[in-house]
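Presented below is the structure to which this report refers.
The chains referred to below are lettered A, B, ... by the order of the sequence lines, with proteins before strands, and numbering in each begins at 1. All of these numbers come straight from a predicted model, not from anything done at the bench.
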2 protein chains.
Amino acid sequence: MTLADVNMVKVTSTAKENGSYHHGDLRRALIDNGLQLLEENMEANLGLRQLARLAGVSPGAVYRHFVNKEELLVALAVEGFGRLTQKQSRAYLEKKTVSNAMDAFRAGGAAYIQFARENPALFRLMFGRFSATHRNEELAKASKLNRDMMMLSISKVLGGERPARELHAFCVGTWAMIHGLSALILDQQLQEEGDDLDGLVEDIIRGASEWE
Amino acid sequence: MTLADVNMVKVTSTAKENGSYHHGDLRRALIDNGLQLLEENMEANLGLRQLARLAGVSPGAVYRHFVNKEELLVALAVEGFGRLTQKQSRAYLEKKTVSNAMDAFRAGGAAYIQFARENPALFRLMFGRFSATHRNEELAKASKLNRDMMMLSISKVLGGERPARELHAFCVGTWAMIHGLSALILDQQLQEEGDDLDGLVEDIIRGASEWE
DNA sequence: ACCTGAACACCGTTCAAGT
DNA sequence: ACCTGAACACCGTTCAAGT
């Protein structure tokens, strides 16, 4: 890791195929390269200069599209929330047409955990990296959209004739369980030797959907 | 942040009070300063040179006690797991003598969440920063000790006459909920304007202890 | 054994100057 | 408007040399 990443291939090939001084859509290219790099390295270090190099552009060029590195990471997180929400809503819809709210919740929860396992670095970037200070509006909106979708899905599992406060606590608790499960899996906290992790996840989600 | 942290005071004052070429216990001083800095900055950047400066020592000196920066962070995480476990076991013991398993679990769960809120940067360092590759043995032991304690506490809430697999899923699910709740609170995902967060946490823990 | 000082290869960020 | 090139103040890490 001391050497420059010599053997790193250019990931996206937009304009700027030699000669043109201006890159076609540098912002898009930086985000796409960033998302790809996150999952290749499996760690969320993500250098600004590294991304500029991949896009075939000088370090300073990045600052025409993002005020700083943090805003670039925020853009990646926003993209991540969009993809997570899309993945889950697809899972909900599939189940909802042929079955009931409980199956929809199970599918959505499984999709959430699957997303975390498929995109560990992005998931950690989305949650865990940004606190209240760094919170920008677009990110808040993207995460709220996902949150509201999950809460709605969970609330539908219940019959619906219980106090609002109790219902809310139940929904948040269930969401926290799905989220915590994802986090613990990424941190390798649930991997004793030779466990059936998939089976465990299935059992937990099924169990959660049968609480009352 | 572009300037050196000029106005930063020396946090711990061990030996090396001017003149002595050798620091008394540099390893300990680096860890103590690190833990303190984590919560002052609220963010887990934690420069190696920054810590060396605080200890009044050259950057290279750190490498006599830690093979690299990552190992220093691991040491901080180990310390964190120790403190979390201690805090929880105190909470368990208090309740266990005067009451039952359910109260003990509630107290332990509350202590877990309280620890996360009191030490957000440390909590994020403990979980979330180290994946399987970086996992060192001491850290694995410290985190396993905490995990086992929680699992035992949770399993005691149940009567005990149910299949082992179901019991395990229940315990992991409950732990995941406590953990996920902590994580979501730190990420500011549960803070609509003027919510009663403490009340919500209480409701969820109470609800969890009454599942069956 | 423990620490310094100076160097190395990197960062993120800024800014005049180029197209 | 967008990008380059060179500079600035930092990093983490290494290693001869000091005590």
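Between the C1' atom of dC2(D) and the CG atom of Asp25(A) lies a distance of 13 Å, rounded to the nearest Å. Distance Leu26(A) CG to dC3(D) C1': 9 Å, rounded to the nearest Å. With rounding to whole Å, Leu73(B) atom CG is found 12 Å from dG12(D) atom C1'. Across the protein-nucleic acid pair, Leu30(A) atom CG and dC3(D) atom C1' stand 13 Å apart, rounded to whole Å. Distance CZ (Phe66(B)) to P (dC3(C)): 12 Å, rounded to an integer number of Å. Atom CG in Leu51(B) sits about 9 Å away from atom P in dG12(D), given to the nearest Å.
For residues 116-127 of chain B, every residue pair satisfying the salt bridge (charged side-chain N to carboxylate O under 4.0 Å, His left out) rule, not counting sequence neighbours, is listed here: Lys87(B)-Glu118(B), Arg117(B)-Asp198(B), Arg124(B)-Asp187(B). Among residue pairs with one or both ends in residues 34-80 of chain A, none qualify as ring-ring contact (aromatic ring centres under 6.0 Å, His included); sequence neighbours excluded. Screening residues 164-177 of chain A for salt bridge (charged side-chain N to carboxylate O under 4.0 Å, His left out) gives Arg162(A)-Glu166(A), Arg165(A)-Asp203(B) as the qualifying pairs, with residues at least two apart or on separate chains.
Qualifying ring pair (Phe, Tyr, Trp, His ring centres under 6.0 Å) partners for Phe115(A), counting only residues two or more places apart in sequence or in other chains: none. In this structure Phe81(B) satisfies the ring pair (Phe, Tyr, Trp, His ring centres under 6.0 Å) test together with Phe127(B), sequence neighbours excluded. Partners of Thr85(A) under the side chain to side chain donor-acceptor pair (under 3.5 Å) rule, at least two apart in sequence or in another chain, are Asn146(A).
With hydrogens and angles ignored, the 3.5 Å screen pairs no side-chain donor or acceptor of Ser153(A) with any backbone N or O of Met149(A).
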Both distances under 3.5 Å, Watson-Crick or G-U wobble: on that basis, could you give the dot-bracket string for DNA chain C, with [ ] for crossing pairs and | for other-strand partners? ||.|||||...|||||.||

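Side-chain proximity of His65(A) to dC11(C), dC3(D), dT4(D): nearest is dC3(D).
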Which protein N or O atoms sit under 3.5 Å from an N or O of nucleotides 13-19 of chain D?
{"from": "dT13(D)", "atom 1": "OP2", "to": "Tyr63(B)", "atom 2": "OH", "distance (Å)": "2.6"}
{"from": "dT13(D)", "atom 1": "OP2", "to": "Lys69(B)", "atom 2": "N", "distance (Å)": "2.9"}
{"from": "dT13(D)", "atom 1": "O5'", "to": "Tyr63(B)", "atom 2": "OH", "distance (Å)": "2.9"}
{"from": "dT13(D)", "atom 1": "O4", "to": "Arg49(B)", "atom 2": "NH1", "distance (Å)": "3.4"}
{"from": "dG18(D)", "atom 1": "N2", "to": "Tyr21(B)", "atom 2": "OH", "distance (Å)": "3.3"}

Contacts under 3.5 angstrom, residues 68-78 of chain B side chains, donor-acceptor by atom type, not counting sequence neighbours:
{"from": "Asn68(B)", "atom 1": "OD1", "to": "Glu70(B)", "atom 2": "N", "distance (Å)": "3.3"}
{"from": "Asn68(B)", "atom 1": "OD1", "to": "Glu71(B)", "atom 2": "N", "distance (Å)": "3.0"}
{"from": "Lys69(B)", "atom 1": "NZ", "to": "Leu46(B)", "atom 2": "O", "distance (Å)": "3.4"}

